[in-house]
Amino acid sequence: MGFTPHPLDRPRGSLPLADDRLGEGGQGVVIRVLGPENLVYKEYMPQAGQVNATALAELVAFGHRTGEVGHLLAQCAWPVARVVHGDRVTGFLMRCVPDEFYGPVGGNPKLVELQYLLYKPNWAWQDLHQPDIAGRLELATLAAKLIDLLHTHGWIVGDLSFRNLLWRPGQPYKVFMLDCDGLRRHGAEPVLRQAHTPDWNDPYQTTSGPDVDTDRYKLALLVARVLAQAAGVRPGQSLELLPGLPEHVVTAVQRLFTNAAGPRGTRPSASDWVRALSRRTTVRVPRPVSGEQPASSGLHTDSPKGSRGRVPIGGITGGESPLAQPPAPPSDRPWASVSPFKAPVVLPPSPAPSSPAPPPPAPRREPVIFAPRPKPQPSAPPAAPTLGQRVIASETYAEQRRLAPRGGVIDDVEVAHLIDRLAAGTGRDSVAAIASWLKETPDRTVLLMRALKNLLNVEQTDVIILKDGDRTVELNVGLLEEQFLEESEP
């Protein structure tokens, strides 16, 4: 593949580089760029291999977007420009790690890596702040939220480990990710051959490289090792968490950690971990007991007794705290202005239960004889709310919306319309067809579908599934009703 210039490329010769290196790794060296930009330059070593210039350009382009992306980039050493020499990419520029992520280690300020949470402090870092159990829980939650946010935007981390995630040694706690040039798009090639940290490997990783399942396994390692202060524990082993965690968090973490030992496709997602680590005391809606069938819209496929029929969507094959109140109408939401739909969907008002006030006395008048009047015809009943409207009016959905702010890229009107579209057809729809219907680009539509998953996939349920390399969407209507409607409707 030939070299393609990028508008944000910087010639290596134009960089005022410091004489000393800040660090050195297996793939490159890091050098400070002198001047007011507060940047550092990572220069790839020859032994790192061929640089995928296109993948690096995509990372750079994503880093210059606005909106929610800014919250993501504030937590990452994201590439802001490729550095080139002639027609060759030699590395990239990124912003300096903020000073708040340095701490006293060995008598000098050093980056505070995740590893300092996994072992008992020794003489070299005994002066480094150590969080209490509440602080550890907060840091684990922040890490899970960061991975969830990356997945929502379509990025795979790959080499998630104790070396490339930093934490702020004191309140307010924060996390910061390094080595972001190692991220890649789902199904795409990385910038360089991806490195792997010993004892942070995924035993079921495919030969094609790390993917979302790999990230999920490594996130389970991260959460468990931080909350147990155990550097080597793995799913499938006994997990002894540090004392002081809320009981519901202990139960949820142990359950998810056990499930992470399962095969690919069954591991808890990052959003599952966010919910488990949040101070949420509600539990999942129970499944029907044997012999009962959940309320259904009639779109269930035939399935054995006790199993859930997965209902596909659409018609074209292809491709934390008490419960919140139901969501405000779409017009009250700041993101509603970006909805591609022409008119908001408003649930019909319920009739007032109180008796009407007595009418005022009629004025005195001469008697009048009225002609017979026809019998009044009954008025048409109000239209029943659609499945999508019932879902977004439910308490479970309101809680999901609060727990998953990343879902802000899709508003409630869009959620309701998509549910109704997907539930009304044969059950399977292509992302391309949905993109055409929404009048959106395919990339933006995939982002919306991931946000929809983030809102609807409660706990470890697969209400919405993206398949075929994010080209096809499926909906399980029965499971949707079970999770969102069975406790909120009579």
Side-chain angles (χ1 to χ4, degrees), residues 67-68 148-149 151-153 269 271 274-275 285 297 299 311-314 323-348 383-425 427-429 431 433-440 444-459 461-466 470 472-489:
E68 187 196 46
D148 188 24
L149 190 53
H151 287 176
T152 298
H153 286 283
S269 68
S271 58
V274 172
R275 283 187 288 268
V285 178
S297 61
L299 294 175
V311 179
I313 313 167
L323 289 174
Q325 296 301 314
S331 59
D332 293 333
R333 296 195 177 272
W335 52 80
S337 61
V338 300
S339 172
F341 302 99
K342 302 301 182 183
V345 178
V346 181
L347 299 181
T386 67
L387 175 62
Q389 292 168 347
R390 291 158 57 205
V391 167
I392 68 171
S394 68
E395 289 185 340
T396 302
Y397 178 83
E399 186 177 13
Q400 286 291 102
R401 173 62 82 177
R402 186 178 67 253
L403 290 173
R406 280 82 56 205
V409 301
I410 183 171
D411 65 50
D412 295 339
V413 179
E414 291 174 313
V415 171
H417 276 75
L418 285 167
I419 289 173
D420 293 336
R421 172 185 169 91
L422 298 175
R428 181 186 294 265
D429 212 351
V431 169
I434 295 174
S436 177
W437 178 62
L438 293 176
K439 295 180 173 56
E440 290 279 5
R444 168 70 178 170
T445 303
V446 170
L447 177 60
L448 291 174
M449 293 303 101
R450 289 174 179 150
L452 188 65
K453 285 180 57 180
N454 208 35
L455 286 167
L456 300 186
N457 288 6
V458 179
E459 297 294 340
T461 60
D462 286 331
V463 173
I464 289 284
I465 297 178
L466 277 168
D470 292 346
T472 308
V473 189
E474 283 190 358
L475 172 67
N476 189 324
V477 174
L479 191 54
L480 176 76
E481 293 176 330
E482 177 185 332
Q483 296 288 33
F484 288 91
L485 303 182
E486 287 194 355
E487 285 191 345
S488 60
E489 297 185 351

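- Distance check, rounded to the nearest 0.5 Å: CG of Asn457 to CZ of Arg450 gives 13.5 Å.
- Taken from CE in Met449 to CG in Leu418, the straight-line distance is 4.5 Å, to the nearest 0.5 Å.
- The shortest heavy-atom contact between Pro385 and Arg390 is O-CD, 3.8 Å.
- Distance alone, capped at 3.5 Å, is enough to place a donor-acceptor pair between the Gln400 side chain and the Leu455 backbone.
- Checking Thr396 against Ser394 by side-chain atom types alone, no donor-acceptor pair falls below 3.5 Å.
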Residue pair Val391, Leu456: steps toward the side chain to side chain contact (heavy atoms under 4.5 Å, CB included) verdict: CA-CA 9 Å; Val391 167; Leu456 300 186; 4.3 Å; yes
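- To the nearest 0.5 Å, atom NE2 of residue His417 and atom CD1 of residue Ile392 are 9.5 Å apart.
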Should Thr386 and Ile419 be marked as a side chain to side chain contact (heavy atoms under 4.5 Å, CB included) after you check the CA-CA gap, both sets of side-chain angles, and the distance that decides it? CA-CA 9 Å; Thr386 67; Ile419 289 173; over 6 Å; no
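- Side-chain contact between Leu387 and Leu480: present, with at least one pair of heavy atoms (C-beta onward) separated by less than 4.5 Å.
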Residues Ile465, Asn476; criterion side chain to side chain contact (heavy atoms under 4.5 Å, CB included); working and verdict: CA-CA 9 Å; Ile465 297 178; Asn476 189 324; over 6 Å; no
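- Counting heavy atoms from C-beta on, the side chains of Asp429 and Trp437 never come closer than 4.5 Å.
- With values rounded to the nearest 0.5 angstrom, Leu448 atom CG is found 12.5 Å from Asn454 atom CG.
- Annotation: the span from Leu466 atom CG to Lys453 atom NZ amounts to 5.0 Å, rounded to 0.5 Å.
- We find the CD1-CZ distance between Ile434 and Arg421 to be 6.0 Å, quoted to the nearest 0.5 Å.
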